[in-house]
There are 2 protein chains.
Amino acid sequence: MRALLVPSREGLSSAQPPEVSSGAVRGADEALFRPIRGGNAFEETVERLLSTLRLGVVAPGGRLPPGRELAARLGVSRATLREALATLQTAGYLESRRGRYGGTFVVATPSPGSGLAPGGRSAAEIDDVLAFRQVLEAGAAEAAAARSLTRADREHLTARLAECTGTGQADYRRLDSRLHLAIAEVAGSPSLTTAVVDVRSRVNELLDAIPLLAPNIEHSDRQHAAIVTAILAGDPPGARRTMAEHLAGTAALLRGFLT
Amino acid sequence: MRALLVPSREGLSSAQPPEVSSGAVRGADEALFRPIRGGNAFEETVERLLSTLRLGVVAPGGRLPPGRELAARLGVSRATLREALATLQTAGYLESRRGRYGGTFVVATPSPGSGLAPGGRSAAEIDDVLAFRQVLEAGAAEAAAARSLTRADREHLTARLAECTGTGQADYRRLDSRLHLAIAEVAGSPSLTTAVVDVRSRVNELLDAIPLLAPNIEHSDRQHAAIVTAILAGDPPGARRTMAEHLAGTAALLRGFLT
DNA sequence: CTCCAAAGGTCCACGTCGAGCCCAATGCCC
DNA sequence: GGGCATTGGGCTCGACGTGGACCTTTGGAG
């Protein structure tokens with residue numbers, strides 16, 4: 001196909017003598033030469049906001065940061081942000097109110113079968129996401145257990161666990177995501193948190209395409225409790241193991257339901 | 001400071017009744033509301049190309065993909081790419097030759113004390129990078145060992161290991177990076193490879209600021225061999241453990257040398 | 001020796017996006 | 001009840017970046 005990174009031929013006219021120069025490095029160049037931009041600013045902004053809703057970071061009824069501040073944090077202009085917000089308003093997810101103490105509020109979270117987030121998952125992409133998630137989330141659980149957590153960390157974890165346990169199907173995905181994010185947060189590495197947020201968002205897109213069964217929720221609840229217990233107990237291998245089991249369950253479910 | 005994600009007040013005039021709406025989610029919103037763009041296209045392109053050089057994906061004497069193709073893969077216009085290439089030319093890293101079988105060639109790799117990549121690492125950022133790297137690379141080693149590797153995978157690994165073993169200081173960083181990237185590649189998840197590329201690039205920036213000692217190289221060589229052996233033997237826990245030990249060594253070195 | 005393919009070098013018209021500004025609405029505080 | 005702070009809504013201007021067409025250089029193929 002391509003013929004990149006070829007060894008420089010013998011007998012170059014001038015300049016430094018070429019030396020060794022290796023063969024291709026297979027996957028790494030595809031990662032390095034991947035697109036700089038994910039798309040135009042508008043699309044990226046919509047995607048980011050959708051992730052925020054899907055992950056339940058802002059719950060229904062909650063308010064997004066004011067337009068000016070949000071635009072600044074996202075590094076886009078207010079015009080672009082407002083375009084994105086308008087799109088999500090017409091889609092029925094958001095609602096804006098003017099005046100002091102106004103703002104943009106979450107009306108509903110994008111649930112199964114939303115018009116956005118079109119399909120097109122290849123088997124390879126599913127394997128990719130699941131493998132990546134395995135590495136990130138199991139690592140996060142282990143790292144969280146290895147840290148000496150603050151009181152706030154512990155309360156944050158137990159609060160998210162309690163919130164998630166014994167909830168109806170309606171809110172389960174959102175609260176489940178929040179618990180997983182909380183684990184990443186208390187691991188203490190912002191980069192890790194960011195990565196988990198991203199991969200979790202991709203996983204949620206997949207999950208939204210399959211049904212949610214009561215037995216699975218119960219099972220997940222028990223696993224969640226075991227994970228949090230191991231983290232609070234400062235047991236890194238245990239946290240990793242229980243998290244790995246938990247993830248394996250979801251992975252099997254996804255692989256079963258998706259082609 | 002900020003007052004985001006506040007619970008919606010009681011008694012909203014209209015629309016859906018507000019319901020629960022949680023407290024803030026601490027770190028996750030900072031990840032979700034992080035900047036969409038890392039900077040302008042030119043800067044991002046320069047950064048990406050610098051990473052390519054630092055990681056040794058294109059060795060000195062090697063050729064970059066043709067401008068048109070590289071621009072397409074990076075998702076930037078030729079004008080922007082050429083600006084970036086020109087910058088790296090004047091910095092002495094690249095050299096362009098016209099005509100058929102011409103192209104842009106690597107002259108030197110940015111080594112310690114390069115004018116680019118200014119300092120400014122806070123202790124928190126160092127901890128962040130190292131923790132993230134621990135998760136990613138240990139996870140990659142484990143995942144690689146868990147997979148049934150193809151013949152090509154095995155050869156790729158052993159080749160990178162051999163290349164790296166017993167090299168002088170001049171090329172060590174580059175070849176070391178290539179070995180680590182190879183491990184990520186054979187783990188079989190493109191997303192994981194991308195993440196490792198990114199974090200490895202950040203680590204290399206740090207490493208370029210500290211000296212490279214012969215005893216450390218020897219030690220690393222032995223650890224590298226143990227890691228590859230564990231992966232080829234299909235021993236996930238062993239691969240994880242040896243990789244973790246290897247990373248801990250580098251981490252201690254970095255923490256020692258950097259403030 | 002000629003032609004041609006493949007690469008870098010240059011230019012310009014157009015679209016996208018960001019910065020700044022002002023307007024409109026809304027509800028608390030005095 | 002008036003002022004005012006805060007929020008969304010809308011506008012214009014300028015810079016950056018893209019896409020495309022075109023030229024120039026170079027070395028191999030015929």
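Heavy atoms only: backbone and side chains are in, while hydrogens, waters and symmetry mates are out. Throughout, protein chains are lettered first and strands after them, A, B, ... in sequence-line order, and every chain is numbered starting at 1.
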Residues which pass side chain to side chain contact (heavy atoms under 4.5 Å, CB included) with B:R154, listed by chain and number, not counting sequence neighbours: B:L149, B:L232
Of all pairs that satisfy ring pair (Phe, Tyr, Trp, His ring centres under 6.0 Å), the ones with a partner from residues 45-81 of chain B, not counting sequence neighbours: none
Whole-Å gap separating C1' (C:dC17) and CG (A:L74): 14 Å
Under the salt bridge (Lys or Arg N to Asp or Glu O under 4.0 Å) test, residues paired with B:R100 that sit two or more places apart: none
Atom-to-atom span, CZ of A:R73 to P of C:dG18 - whole angstrom: 17 Å
Heavy-atom protein contacts under 4.0 Å, nucleotides 4-16 of chain C, coded B base, S sugar-phosphate only, - none: -BBSBBB------
Set of residues satisfying side-chain hydrogen bond (donor to acceptor under 3.5 Å, both in side chains) with respect to A:R202, sequence neighbours excluded: A:D128, B:S191
d(CG, A:L85; C1', D:dG10) in whole Å: 15 Å
Carboxylate-amine/guanidinium proximity below 4.0 Å for B:E47 and B:R54: yes
Length of the CZ-P vector between B:F105 and D:dT26, whole Å: 13 Å
Sugar-phosphate only, base, or nothing, as touched by B:G39 at under 4.0 Å among non-hydrogen atoms: nothing
Integer-rounded Å distance: D:dG8 C1' and A:E83 CD: 15 Å
Sequence neighbours excluded, every pair satisfying salt bridge (Lys or Arg N to Asp or Glu O under 4.0 Å) that has a member inside residues 186-199 of chain B: A:R34-B:D198
